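Right, one structure below, let's go through it.
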Amino acid sequence: MAGKKTKKQSNKSWQGRLTADADAQTAEMLASLDVDFALWRYDIVGSIAHAEMLQQCKLITKTELAKIKSGLKSVAADLQAGKLKLRIELEDIHMVIEKALIDRIGDVGGKLHTGRSRNDQVATDLRLWARDAADNLSDSITALQTALVAKADQYSHVVMPAYTHLQRAQPILAGHAVLAYAEMLQRDAERLADARKRIDICPLGSGAVAGTSLPIDRLATAKTLGFAGITRNSIDATADRDFLAELCFACAMIGVHLSRWAEDWIIYSSVEFGMIELNDAYCTSSSMMPQKKNADTLELIRGKSATAIAQLTGMLTLIKGLPLAYNRDLQDDKRFAFTTVAAISQALSVAAGIVATSEFKESNIADGLDAGFLDATALAEYVTAKGVPFRTAHQIVGKLVAQAELQGKTLAEMPLADLQAACDKITPDVKKHLGAANVVKRYSPEGSAGAKQLRKQLAFWKKKLG
Ligand code: ARG
């Protein structure tokens with residue numbers, strides 16, 4: 001810019017139009033540096049790609065490109081070393097970097113923003129960040145799944161109760177229960193991969209809202225930055241944040257899955273259930289009660305889902321009702337997205353450690369297996385296989401359970417005569433159908449909780465996870 005430099009112009013390179021400075025509180029509101037500082041690497045990479053393209057399109061000379069690139073690299077080095085002064089009146093990391101560049105290389109630094117607006121610049125940086133975030137989350141999911149599969153394998157022989165309504169339901173193998181979480185996480189990984197397809201599109205070159213009259217090459221910058229394609233519509237490209245909302249949803253869903261797992265294991269690790277022993281490294285004690293071993297990490301993981309759900313809600317609320325195209329509201333998208341990804345990344349990593357180090361309490365589980373008539377459904381199915389309609393069989397066994405409860409016996413302990421009095425189709429072989437361990441042996445179709453199905457699942461996961 002020609003002309004005398006005022007104090008203000010030396011602070012804000014874009015403020016030719018305005019005559020008053022923001023007061024301190026307003027400057028603080030306008031600033032997003034505290035959060036978008038995290039984007040600095042993406043901003044540098046994006047700017048270098050943009051500058052290279054400007055040179056290829058003859059909008060800047062080779063000498064100018066060289067100056068801009070070495071200037072950006074020295075700014076990056078200072079950012080890395082924590083040596084760059086972060087002045088909030090510059091608002092965000094994008095302006096901090098541009099100002100530092102101009103301070104170092106002079107007016108030529110002002111050519112970097114040719115054919116570019118902060119709007120497409122921010123959208124580009126965010127997509128680069130979101131792409132890495134999706135990849136890192138998916139690696140963390142794989143690590144957790146790997147821990148789950150190892151644990152399922154270790155306890156593939158253990159028979160335990162499955163619950164519905166948190167009441168004892170049917171016997172299952174512990175490995176089967178553990179692998180249920182690997183399935184949920186697999187869908188989460190697929191959701192991330194799907195969201196990534198829409199993240200991986202380059203908005204750079206969309207300018208503020210309408211593109212630019214300068215002859216830039218959008219495909220070139222997209223290629224340098226490794227994007228799979230470019231956005232079709234400059235208005236949409238600068239206003240769109242669905243890609244971030246999708247990432248937040250994927251995180252919220254992971255959070256909800258982790259929360260369900262955490263809740264299960266909190267319950268299973270209680271004295272009342274006594275089915276899982278957590279490693280001390282993942283527990284805390286009490287400042288008052290010396291005996292306490294609390295599952296705080298599981299509780300915090302359960303709690304992180306609240307963060308993810310809240311931030312997703314915030315993100316959707318932020319976007320809703322915004323007129324096209326960019327509005328400053330969107331500056332706060334990062335607060336939601338960054339917080340969500342940080343919370344869920346941490347939850348996934350700690351979860352993998354918990355899974356890897358926890359142990360099922362085999363003898364406790366075995367000792368408790370006779371309680372709760374886990375074999376009642378199997379008995380009804382045994383009678384059904386002998387030609388009795390299932391609804392009738394259900395009634396017969398329901399009555400037998402009530403009778404057994406009065407006698408203080410399990411179904412297997414009931415005298416054969418009592419069983420036969422309830423249903424004349426029952427023969428002595430019934431004993432081989434009763435008891436949790438016998439029941440598990442007989443599960444038939446794919447996906448059931450028995451040993452052969454578990455072997456199949458383990459083989460599937462081992463192959464998939466490598
Ligand atoms: N820090 C802002 C953001 O992240 C930069 C965009 C400002 N654009 C503008 N037209 N005022 O959204």
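Just so we're clear, the structure is a prediction, and the values are computed from it rather than from any experiment. One-based numbering, in listed order, for ligands and for the atoms of each.
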Neighbour count above 12 (heavy atom, 6.0 Å) for [X] [atom1]:
{"X": "K67", "atom1": "NZ", "value": "no"}
{"X": "K456", "atom1": "NZ", "value": "no"}
{"X": "R232", "atom1": "CZ", "value": "no"}

Inset, instruction - Run the numbers for me: atoms of ligand 1, each under 4.0 Å from some heavy atom of S32, listed by number. - result: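 Contacts of ligand 1 toward S32, numbered from 1: 1 (N).
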How far is [atom] from the closest protein heavy atom, and which atom is that?
{"atom": "atom 5 (C) of ligand 1", "value": "D92 OD2, 3.1 Å"}
{"atom": "atom 12 (O) of ligand 1", "value": "Y326 OH, 2.3 Å"}
{"atom": "atom 11 (N) of ligand 1", "value": "R328 NH1, 3.6 Å"}
{"atom": "atom 8 (N) of ligand 1", "value": "N119 OD1, 3.0 Å"}
{"atom": "atom 2 (C) of ligand 1", "value": "Q331 OE1, 3.0 Å"}

Legend entry - Ring-face cation contact, F249 with R191, 6.0 Å cut, 45° max: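 Output no; distance or angle outside limits.
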Inset, instruction - Decide whether a cation-pi geometry holds between R131 and Y42; the criteria are a distance under 6.0 Å from NZ or CZ to the six-membered ring centre and an angle within 45° of the ring axis. - result: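 Geometry flag: not set, cation outside 6.0 Å or 45°.
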Inset, instruction - Quick one: look at K334 and ligand 1, take heavy-atom pairs under 4.0 Å, and tell me if it's side chain, backbone, both or neither. - result: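 Just the side chain.
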Legend entry - R87 (side chain) donor-acceptor with V96 (main chain) under 3.5 angstrom: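 Side chain of R87 to backbone of V96, a donor-acceptor pair under 3.5 Å: no, none is there.
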